[in-house]
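Notes follow once the structure below has been shown.
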Amino acid sequence: MKLNRDETLTAVLESVAETLSIPLTDLTEDTLIREDLEADSMDVVTLMVLLDDKFDAEFNPEDIPDEEVSIRWVVDHIIEKLESAANGS
Amino acid sequence: MTNNRVVIAGLGVVSALGNNVDKFWEACLAGHSAIESIPEQWAHYYKSKSQSWSPLTLPDYSVYGLTRADTLRYDRVVLNAITAADDAIADAGFEKVEHDARARSYRLAGVNRDRFGVFIGSGLGCISSAFNNYVPHLLGNASEDLFGPDPEVRSDMTAELRTNLQGFPRVSPFASVQSMANAIGGLLSIRYGSRGATETLIYACAAGTAAIARAYRAIQTGEIDVAIAGGSEYYGDRAGGVFMAFDRLQTLVSSEQPPERGNCPFDEARTGFLFSQGGTGMVLLESESHARKRGASSLAAIKGMSITSDAHSLAAISEENNAIELMFRNLLRDSELQPEDVSYINAHGTSTLQNDPIEANILGRVFPNRPYINSTKSLLGHTIGASGAIECIVTILSMRDGKIHPSRNLENPIADLKFATDVCTAPIEFAVTHSFGFGGHNAGLVLQNISSET
């Protein structure tokens with residue numbers, strides 16, 4: 001399964017904006033979710049639930065590092081996770 | 001002891017007959033019924049005796065600033081409570097000032113948040129979330145144990161599971177907080193910044209009435225100035241599990257009657273109650289002095305309350321072993337009224353074989369003056385923990401307009417009481433609304449018409 005990176009990025013940006021009630025224009029791929037946006041642990045879990053719903057896949061809280069999680073990291077994580085699931089690994 | 005007069009300043013409703021108060025009341029006066037056939041897919045799981053229910057059309061949550069994330073985090077019973085509470089606050093004329101955009105929390109202008117409480121009744125709370133999270137837990141990793149090694153069979157089962165879990169086939173990380181009944185009051189407290197008591201009353205079908213009664217008492221005795229109070233109930237499991245539970249208890253309306261006749265409280269032909277998917281009723285209460293200070297007009301006053309317990313059975317009331325008459329006697333004493341002062345009673349009136357005659361006998365004994373009586377459940381069906389709050393709203397609107405909605409399908413009454421079988425027009429100064437709940441809970445309120453005072 002090959003995911004379109006731009007579409008994945010858009011979905012992640014929209015989910016972060018919705019979770020934290022901030023404008024999309026405030027976000028870039030380099031934005032750090034905890035450090036720049038002051039997301040707390042409940043915000044991160046909410047983001048995962050939204051991504052779970054959008055991509056129909058299970059994202060586990062323990063997969064998310066404690067620090068320096070950028071939007072780029074989330075996009076790469078989703079693509080990697082979905083591609084490995086599609087490949088049966 | 002402080003004895004504040006308590007007024008009701010705002011109303012909000014989510015119901016099978018409309019999700020705003022005006023539409024809902026219009027449908028009540030027209031005697032509309034919300035009855036429909038149960039979903040066909042429920043028969044895949046269970047052949048029920050009852051074949052009818054009243055489904056709920058959910059509000060448009062986005063109108064209330066609620067997002068997709070909120071619908072994934074919180075049970076619908078919570079979201080419905082937020083929409084009805086928002087409506088009640090707006091109806092009461094409070095200005096909502098944004099406090100925290102990210103948390104979507106507000107402050108009510110002119111309200112001391114330390115003297116602001118939330119009192120919520122519910123029957124089964126957030127049971128849909130518990131169901132919808134437990135099933136994937138049970139069938140997910142254990143699927144091979146349950147369905148054998150054949151991957152095709154397991155795949156079919158997984159597909160069915162996904163279809164029946166409304167697109168959320170995994171256990172949510174929010175499962176624990178999503179399933180708590182006190183999430184309803186907790187989220188309301190967070191949304192409006194109230195720091196007085198937040199109480200959750202699990203009183204089954206008497207929960208909504210009991211919650212308003214407790215809020216009334218907290219304001220009357222000076223503990224708080226303002227409260228959001230009411231009841232919320234919602235069953236969102238697509239397999240009809242809660243319906244099945246009531247059906248197996250033989251409490252629901254039989255399929256032997258034509259559906260349009262099936263739900264008939266206080267009628268000889270009654271067979272059981274009409275299962276409702278849910279509803280929400282919320283009222284905004286405040287002390288009269290608080291309402292005067294902000295120049296607000298009020299819809300009604302609460303004159304008294306009473307709560308008693310049967311101490312007899314979890315699911316049945318008997319003529320000999322109930323504390324219903326005690327509840328009414330206490331209610332009149334608390335309100336400093338005589339029975340003849342009461343001109344309208346919004347009855348519990350479920351349409352069950354056992355309860356209706358007991359209720360009718362007691363009403364006849366306690367109120368020999370023959371006030372008007374109707375049953376809102378004849379229209380909506382039974383919304384369990386929300387019913388008392390919705391019926392309180394109906395009672396207030398009846399007093400406001402001097403109109404009593406018809407009790408639908410009441411052709412052969414079981415008792416010689418003054419039942420409203422058509423729209424009745426009458427001035428109402430004092431009215432009673434009451435509820436009985438599984439667990440032996442009885443709760444009642446006396447409401448006072450204050451339109452001539454303003």
Side-chain angles (χ1 to χ4, degrees), chain A residues 1 7-8 10-27 31-66 69 71 74 77-78 81-82 84-89, chain B residues 61-62 64-76 78-79 82 98-106 126 129 132-133 135-137 139-141 143 151 154-155 158-180 183 186-187 190-191 236:
Chain A
M1 183 184 178
E7 284 174 13
T8 308
T10 301
V12 172
L13 289 170
E14 285 171 355
S15 299
V16 171
E18 184 183 335
T19 301
L20 300 171
S21 299
I22 49 176
L24 270 172
T25 48
D26 287 2
L27 303 173
T31 302
L32 298 176
I33 290 171
R34 287 198 177 91
E35 293 80 356
D36 295 338
L37 304 178
E38 297 177 347
D40 62 20
S41 57
M42 289 296 277
D43 294 327
V44 173
V45 175
T46 300
L47 175 61
M48 285 193 314
V49 170
L50 267 175
L51 295 172
D52 185 304
D53 181 59
K54 273 196 174 158
F55 292 100
D56 194 20
E58 187 166 10
F59 299 103
N60 298 310
E62 56 269 26
D63 293 344
I64 315 288
D66 289 339
V69 178
I71 286 174
V74 175
H77 177 69
I78 290 168
K81 181 130 188 156
L82 294 184
S84 62
N87 296 332
S89 55
Chain B
Y61 298 128
S62 66
Y64 298 86
L66 298 167
T67 63
R68 175 78 181 144
D70 294 319
T71 66
L72 294 170
R73 274 186 296 203
Y74 310 128
D75 194 287
R76 299 296 187 273
V78 176
L79 300 179
I82 288 174
E98 187 173 87
H99 172 69
D100 180 342
R102 181 179 290 190
R104 288 185 297 288
S105 67
Y106 305 90
C126 302
S129 292
N132 290 343
N133 282 293
V135 174
H137 166 70
L139 301 181
N141 292 334
S143 58
R154 294 212 308 276
S155 172
T158 303
E160 182 164 349
L161 176 66
R162 282 168 184 245
T163 304
N164 284 299
L165 288 176
Q166 296 177 304
F168 202 83
R170 289 168 287 281
V171 178
S172 166
F174 290 111
S176 55
V177 289
Q178 209 171 47
S179 305
M180 307 184 314
L187 259 294
I190 292 164
R191 186 170 176 87

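Below, chain A is the first sequence line, B the second, and so on; all start at residue 1. Bear in mind that the values here come from a model prediction, so they are computed numbers and not experimental data.
Within the model, atoms CG of Leu50(A) and OG1 of Thr71(B) stand 8.0 Å from one another, a figure rounded to the nearest 0.5 Å.
For Ala17(A), no part lies near chain B; criterion is any non-hydrogen pair under 4.5 Å. Neither the backbone nor the side chain of Asn60(A) comes within less than 4.5 Å of any heavy atom in chain B.
Here the side chains of Arg73(B) and Val49(A) are not in contact, with every heavy-atom distance at 4.5 Å or above.
For the pair Arg102(B) and Glu38(A), the tightest heavy-atom approach, listed with the atom from each and the gap, is NH1-O, 3.1 Å.
Judged purely by atom type and a 3.5 angstrom limit, Glu18(A) uses its side chain to pair as donor or acceptor with the backbone of Arg68(B).
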